[in-house]
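Report on the structure given below.
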Amino acid sequence: MPLADRFDGFLVDLDGVVWIGREPVPGAAEALRALREAGKPIVFVTNNPGKHPAAYAKRLSRMGVGVVPEQIVTAGMVAARLASEADVAAGRTVGAFVIGMPALEEMVTEAGARLLERDVAQEADVVVVSGHRGFDYRELLAAKRALDRGAALVATSRDPTMPYPGGELPGTGAVLAAVETASGRRAEIAGKPERHLFEIATQALARSFSGNGDEKEQANWRVAMVGDRISSDIAGGRAAGLETILVLSGTTSPEQAAAADPAPDFVLEDLSGLLA
Ligand SMILES: [Mg+2]
C-alpha cells in the first residue's frame, strides 16, 4: 500500500520539497498531481515570505498542480497578522518597521498596519523580521532603536538557511540572530515550528475536507506534515499533533535524518516516495 493511502490529507512544505530556488524537485509535481487525483486534500505551508500566496499558487499551477491561494499558508501572512495585533492605544494604527522583502511589506500593510521608513523606525509599535538580501547595518540599527523603545518583535521563522541551487543561502534565523543579539529581545515566531502557522493551515485543510463532503470527524483525520527541515517541519508537525514525513530532497542529509530529534515518523528521498 502506498504510504499516501495511510493519510487523509497533507500539509506540504515548498522550499526543498517542491522546488529549490527556481528549480522544481524532480518528481514532485507528478506526486502532487497523483495525491490530488486520489482525492487527498493538500495545504502548502512555507516559512518563506518572499511572495504572496497567489504568486505561489500561480507557480504551482505552472507546474501542473492547480491550487487556489487559500490552500497556501506562508509565514509572511501569519507574521503580518501577528504584527497587526500589536498592542497600541485605542484608535491608533499599528506602526510597523519591516526587515524583509517587498511582498512581506505589502502583507503587513494589507493586514492593517502602517509601514514606517527606516529614518522613523524608532516610532514603530512592532518590528517584523525576515531574511532578505538587502539586510544591512542601518536596518539592524533602526530595528534596535525601535525595540529599545518597547516595540514588539515578530519574525517569520528561525530557519538558519534556505535551500538554493548551488548551496544554501543564509536564512531568516541568521538575520533574526543579529536583531535579537543587538536588542537583547526574543522574537515571537509566526512560522513553523510554532503553533500560529499550523493553526491556520489545519483550519484551511479542514475547509478542504468539508469541501470534499468528507463527513469524518476532525479528530479521526490522519494528516501528515511533509517537509525537509527537522527543526521546523518535523518538530512543528509533531507539536501540532500531526504525523511527520521528512524528505531528503532539501536541507537534511541522510546522516542528519538518522540522528533527528524529534525523529520523523517516515523518511523519504522525495515526494514521489509517498506513492511507492
Ligand atoms: Mg523547506
Side-chain angles (χ1 to χ4, degrees), residues 45-56 69 72-160 162 170-201 203-204 232 236 239:
V45 289
T46 178
N47 274 358
N48 188 341
K51 291 190 169 65
H52 277 77
Y56 287 127
I72 297 170
V73 180
T74 79
M77 294 161 51
V78 183
R81 189 179 300 192
L82 290 177
S84 73
E85 293 167 356
D87 210 11
V88 293
R92 269 196 58 221
T93 305
V94 170
F97 178 59
V98 176
I99 294 176
M101 294 208 253
L104 180 62
E105 294 183 331
E106 288 163 22
M107 285 186 260
V108 168
T109 307
E110 287 159 11
R114 181 172 54 97
L115 277 192
L116 297 178
E117 296 295 330
R118 200 178 60 217
D119 55 340
V120 291
Q122 71 275 7
E123 295 165 23
D125 303 296
V126 60
V127 174
V128 184
V129 176
S130 181
H132 75 123
R133 295 180 186 201
F135 177 63
D136 67 14
Y137 185 87
R138 291 169 301 175
E139 284 190 320
L140 178 59
L141 176 61
K144 174 177 169 50
R145 290 278 184 264
L147 294 164
D148 285 352
R149 291 177 55 138
L153 177 57
V154 172
T156 51
S157 78
R158 290 188 188 281
D159 293 348
M162 162 91 153
T172 289
V175 172
L176 180 59
V179 174
E180 289 188 333
T181 301
S183 64
R185 299 279 300 280
R186 180 128 178 121
E188 172 148 33
I189 300 299
K192 300 170 284 184
E194 299 298 330
R195 63 188 170 85
H196 304 289
L197 180 145
F198 281 98
E199 283 171 7
I200 293 172
Q203 284 162 11
S232 54

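Below, all heavy atoms of this structure are taken into account, side chains as well, without hydrogens, waters or symmetry copies.
- Between A190 and A75, the closest heavy-atom pair is CB-O, 3.7 Å.
- Shortest non-hydrogen contact noted between V127 and A143 is CG1-CB, 4.0 Å.
- Summarising the geometry of A96 relative to A113, their closest heavy-atom pair is CB-CB, 4.2 Å, with the distance given to 0.1 Å.
- Partners of E139 by side-chain hydrogen bond (donor to acceptor under 3.5 Å, both in side chains), not counting sequence neighbours, listed by chain and number: H132.
- Atoms CZ and CG, on F97 and L115 in that order, are 10.0 Å from each other to the nearest 0.5 Å.
- Under the 4.5 Å side-chain criterion, counting only non-hydrogen atoms from C-beta, R81 is in contact with E85.
- Not counting sequence neighbours, the partners of D136 by the side-chain hydrogen bond (donor to acceptor under 3.5 Å, both in side chains) test are R138.
- In this structure, L153 CG and L147 CG are separated by 5.0 Å, a value rounded to the nearest 0.5 Å.
- With contacts defined as side-chain heavy-atom distances shorter than 4.5 Å, the pair I99/V128 does not qualify.
- The CG atom of L197 lies 8.5 Å from the OG1 atom of T46; values are rounded to the nearest 0.5 Å.
- Residue pairs meeting the side-chain hydrogen bond (donor to acceptor under 3.5 Å, both in side chains) criterion with at least one partner in residues 183-198, sequence neighbours excluded, are D13-K192, E188-H196, K192-D233, R195-E199.
- In this view, S130 and P49, L104, T156, T172 satisfy the side chain to side chain contact (heavy atoms under 4.5 Å, CB included) rule, not counting sequence neighbours.
- The two residues L140 and A182 come nearest to each other via the heavy atoms CD1-CB, 4.1 Å.
- Here V154 pairs with A79, L82, V126 under the side chain to side chain contact (heavy atoms under 4.5 Å, CB included) rule; sequence neighbours left out.
- Evaluation of the side-chain hydrogen bond (donor to acceptor under 3.5 Å, both in side chains) rule for R158 yields E180 as partners, not counting sequence neighbours.
- Across all their heavy atoms, A187 and L176 have their closest contact at CB-CD1, 3.8 Å.
- Among residues two or more places apart in sequence or in another chain, the side chain to side chain contact (heavy atoms under 4.5 Å, CB included) test is passed with P170 by A174.
- Within the structure, no pair that satisfies the salt bridge (Lys or Arg N to Asp or Glu O under 4.0 Å) test touches residues 46-55, not counting sequence neighbours.
- Applying the side-chain hydrogen bond (donor to acceptor under 3.5 Å, both in side chains) test to pairs two or more places apart or on separate chains, those with a residue in residues 110-128 are H52-E110, R92-D125.
- Heavy atoms only, all atoms of each residue included: V175 and G131 are closest at CG2-CA, 3.9 Å.
- Residue pairs that meet the side-chain hydrogen bond (donor to acceptor under 3.5 Å, both in side chains) test with at least one member in residues 140-151, sequence neighbours left out, are K144-D148.
- Partners of A201 according to the side chain to side chain contact (heavy atoms under 4.5 Å, CB included) rule, which considers only residues two or more places apart in sequence or in another chain, are L11, V43, V45, V73.
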